[in-house]
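Numbering of residues begins at 1 and proceeds along the displayed sequence. Keep in mind it's a predicted model, so treat the numbers as computed, not measured. Atoms considered below: every heavy atom in the structure, side chains included; atoms not considered: hydrogens, waters and symmetry mates.
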Amino acid sequence: MGRLLASIVCAALVLGACGGDDPGPITTASSTTATAAPSTTATVRPPSTTTDPVTTSAPSTLPPTTTSEGPPRVFLPHVSLGPPPSYPGSAGASGSGCHADTGPPADGAWFGNVGAADAAGVTFDLACFYFGPIAQTEAAADGAEAPGGFYIRNSSPLTRDVAIPPATPVYTIDASTGNTFLELTFADWPSGGGGYIPCPGEYCGVWISITEGLVTGLVEQYLP
């Protein structure tokens, strides 16, 4: 009877050792859960924009888009205390470069001096405006210097009459600050000669943007 009871108890034990032998540690297989990798979402960042260090009352206009065929097709006013970038064919000068020919200025962004102005347009003395390292090089070629980081070369006495529609935007440097722009129409410019730079006159340096023969804007150029 005692042996039978011992056999029943021995059979009831799971993984037990009736003979006293140690079965060793019992290992259980831990379940593993497949974890999906965190989903990634491609975020499209908007194109970074840069603003001029100078606050302007009129928003700065990005330089026109260039194409592989040549210069920009549309020239918009570059509203900044600094000059516009050098466009294709400008030979390193800012904007569209220097004197192209003896006729009216072609499509482009041209620097020059406004010696006179009336309701129909301006008398424009086109010149070359060099900015940055190239200014020193061009100045040295003329036996001059460029202490302000820019150099203006005007080797032609020719002036051009440029027609400007009355509603054309004009960006004039605010006389009260010297580093912001006020937007006027050409019909309202110059405003009584009280601007930051005397316009029209010997020192009235401006940029004129022309597209398809029409002036699209005029921006006064700050000079230190």
Does the side chain of Tyr171 come within less than 4.5 Å of Glu220's, by heavy atoms?
no

For the pair Ile210 and Phe75, evaluate side chain to side chain contact (heavy atoms under 4.5 Å, CB included) and give the outcome as yes or no after the intermediate values.
CA-CA 6 Å; Ile210 302 176; Phe75 290 86; over 6 Å; no

Is the shortest side-chain heavy-atom distance between Pro105 and Val162 below 4.5 Å?
yes

Search all heavy atoms of Pro200 against all heavy atoms of Pro190 and return the closest pair with its distance.
CD-CG, 3.7 Å

Hey, is the main chain of Ala144 close enough, under 3.5 Å, to the side chain of Asp142 for a donor-acceptor pair?
no

Using a 4.5 Å cut-off on heavy atoms from C-beta on, say whether the side chain of Val219 contacts that of Gln221.
no

Taking all non-hydrogen atoms of both residues into account, name the closest pair between Gly108 and Ser96 and its distance.
CA-OG, 3.2 Å

For Tyr203 and Asn113, run side-chain hydrogen bond (donor to acceptor under 3.5 Å, both in side chains): C-alpha distance rounded to whole Å, both residues' side-chain angles, the deciding distance at 0.1 Å, then the answer.
CA-CA 7 Å; Tyr203 301 104; Asn113 186 78; over 6 Å; no

Over all atoms of both residues, closest heavy-atom pair of Leu184 and Thr172
CD1-CG2, 3.7 Å

Value rounded to 0.5 Å, distance of OG1 in Thr185 from CG in Leu218
11.5 Å

When you measure from the side chain of Thr180 to the backbone of Thr177, do you find a donor-acceptor pair of N or O atoms at a distance under 3.5 Å?
no

Between Ala146 and Tyr151, what is the shortest heavy-atom contact and its length?
CB-CB, 4.2 Å

The single option from Tyr87, Trp207, Phe150 passing side-chain contact (heavy atoms from CB on, under 4.5 Å) against Ser94:
Trp207

For residues 121-135, which side-chain N or O atoms pair as donor and acceptor with protein atoms under 3.5 Å away, sequence neighbours left out?
residue, atom, partner, partner atom, Å
Thr123, OG1, Asp161, OD1, 3.4
Asp125, OD1, Asn154, ND2, 3.4
Asp125, OD2, Asn154, ND2, 2.9
Tyr130, OH, Arg153, NH1, 3.2

Phe111 and Ile152, any side-chain heavy atoms less than 4.5 Å apart:
yes

Would a distance-only check, ignoring hydrogens and angles, find a side-chain to backbone donor-acceptor pair under 3.5 Å from Glu145 to Ala139?
no

Do Ser80 and Tyr222 touch side chain to side chain, with heavy atoms closer than 4.5 Å?
no

Looking only at atom types and distance, does a side-chain atom of Asp174 sit under 3.5 Å from a main-chain N or O of Asn179, one as donor and one as acceptor?
no

Trp189 to Ala117 - nearest heavy-atom pair and separation
CZ3-CB, 4.4 Å

Check: Ala93 main-chain N/O paired with Ser86 side-chain donor or acceptor under 3.5 Å
yes

